[in-house]
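Before any comments, here is the structure.
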Amino acid sequence: DHACALAEVLGKQPVRVAECPGFVVNRVLVRAMAEAYRAAALIDGESSAMLDQSSRSELFLAPFDVKNLTDPWVFIPLGIAATALSIDFILASRSGPQNAPLTPYSNALYGATQLGVYPVGSAAPEELFYRGFLQNEFLAAFHSPWLAIPASATLFAFSHGEPLEKASAGITGLYLGYLAWKNPGNLKPGIAYHFWSDVMIGLEALILANLTGRAAAPAVVSFELRY
């Protein structure tokens with residue numbers, strides 16, 4: 001109640017949601033992305049011919065399709081990403097304590113968000129929107145993949161937070177953009193890569209949180225008296 005009152009004082013409209021993994025913005029955004037893509041798929045013309053006409057269930061199950069997982073355009077980049085994350089994990093684990101979840105319940109929510117909400121809520125919806133919808137709109141406007149792919153990758157990068165995260169997302173966006181252009185009308189390999197890379201990122205974040213939580217439990221005060 002106090003948080004809602006403060007938001008109203010600041011001229012904002014608070015939104016009450018139940019306690020659960022993820023964010024209300026993402027829950028709305030995922031549906032908006034999917035609907036924008038579906039609306040574009042109904043339009044006749046050059047742009048819609050490049051859109052993946054697979055059903056929603058096929059797109060969301062693409063990360064578990066053996067055909068996608070055995071595609072060298074998917075498993076080789078995933079191997080590179082796994083190597084990079086392993087190096088990052090080693091360096092981050094040596095850098096000292098970081099913020100970690102404070103309770104087993106918050107840790108469970110954090111884990112569900114990192115390993116479930118983010119991969120499911122990001123992979124298919126973001127590929128539908130950035131590579132399926134926006135990139136094809138840029139292709140129709142510029143008639144050049146050399147302009148369309150960097151344009152969609154730039155927007156994808158700026159949808160992320162920290163500068164390093166933006167840079168990583170930009171490089172990933174360029175690759176996924178090329179993959180979508182290379183396979184017109186087939187977003188499933190890109191969705192598979194996007195999903196499992198997010199799972200690996202989430203797994204690294206969860207393990208680091210647990211390690212730092214054990215190494216230095218926050219908000220704990222202790223003392224002893226010696227006689």
Side-chain angles (χ1 to χ4, degrees), residues 19-23 25-27 29-30 33 60-66 68-127 129-131 153 156-179 187-220:
E19 186 174 5
C20 62
F23 306 97
V25 173
N26 298 72
R27 291 170 179 263
L29 186 61
V30 164
M33 288 179 177
F60 275 91
L61 290 175
F64 308 98
D65 189 334
V66 176
N68 297 322
L69 294 176
T70 55
D71 186 341
W73 289 91
V74 175
F75 70 77
I76 291 177
L78 281 176
I80 295 173
T83 302
L85 286 171
S86 298
I87 295 172
D88 181 70
F89 173 81
I90 294 171
L91 295 176
S93 61
R94 293 176 178 176
S95 64
Q98 302 172 12
N99 294 331
L102 302 181
T103 67
Y105 178 65
S106 65
N107 190 48
L109 284 178
Y110 184 71
T113 299
Q114 292 289 341
L115 298 179
V117 175
Y118 282 165
V120 174
S122 297
E126 288 186 355
E127 290 310 301
F129 184 69
Y130 287 101
R131 260 63 66 179
F156 180 64
F158 278 96
S159 70
H160 292 74
E162 300 296 329
L164 186 59
E165 188 180 358
K166 282 185 170 65
S168 175
I171 295 171
T172 302
L174 288 172
Y175 177 73
L176 291 173
Y178 172 76
L179 195 60
L187 292 174
K188 292 186 281 294
I191 292 173
Y193 171 80
H194 196 150
F195 178 90
W196 290 112
S197 63
D198 279 354
V199 168
M200 290 191 293
I201 292 170
L203 185 62
E204 181 200 15
L206 182 61
I207 295 174
L208 281 174
N210 286 329
L211 285 176
T212 55
R214 287 197 296 271
V220 173

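Heavy atoms only: backbone and side chains are in, while hydrogens, waters and symmetry mates are out.
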Can you list, pair by pair, the side-chain donor-acceptor contacts under 3.5 Å of residues 78-87, counting residues two or more places apart and other chains?
unit_1	atom_1	unit_2	atom_2	d
T83	OG1	G79	O	3.0
S86	OG	A82	O	2.8

Heavy-atom pair of closest approach, residues P63 and F60: CD-O, 3.4 Å

Atom of A62, atom of A192 and distance for their closest heavy-atom approach: O-CB, 3.9 Å

Counterpart residues, side-chain contact (heavy atoms from CB on, under 4.5 Å), relative to I171 (two or more places apart): none

CZ on F156 to NE2 on H194, rounded to 0.5 Å: 4.5 Å

Heavy-atom closest contact (L208 atom, A92 atom, distance): CD1-CB, 3.8 Å

Closest contact, heavy atoms only, G202 versus Q114: CA-OE1, 3.4 Å

Residues that T172 engages under side-chain contact (heavy atoms from CB on, under 4.5 Å), provided they are two or more places apart: S168, L176, Y193

Minimum heavy-atom distance between G173 and A153, given as atom pair plus value: C-CB, 3.6 Å

F89: ring pair (Phe, Tyr, Trp, His ring centres under 6.0 Å) partners, not counting sequence neighbours: none

side-chain contact (heavy atoms from CB on, under 4.5 Å) against D71, all qualifying residues, sequence neighbours excluded: W73, V74, P189

Interatomic spacing from CZ in F75 to CG in L69 - rounded to 0.5 Å: 10.5 Å

Atom pair OG/CZ of S159 and F129 - distance to nearest 0.5 Å: 9.5 Å

All ring pair (Phe, Tyr, Trp, His ring centres under 6.0 Å) counterparts of F158, not counting sequence neighbours: none

Over all atoms of both residues, closest heavy-atom pair of A169 and A157: CB-CA, 4.0 Å

Close side-chain approach of Y118 and V199, heavy atoms under 4.5 Å: no

Nearest-0.5 Å distance, CG of residue L179 to NZ of residue K188: 12.0 Å

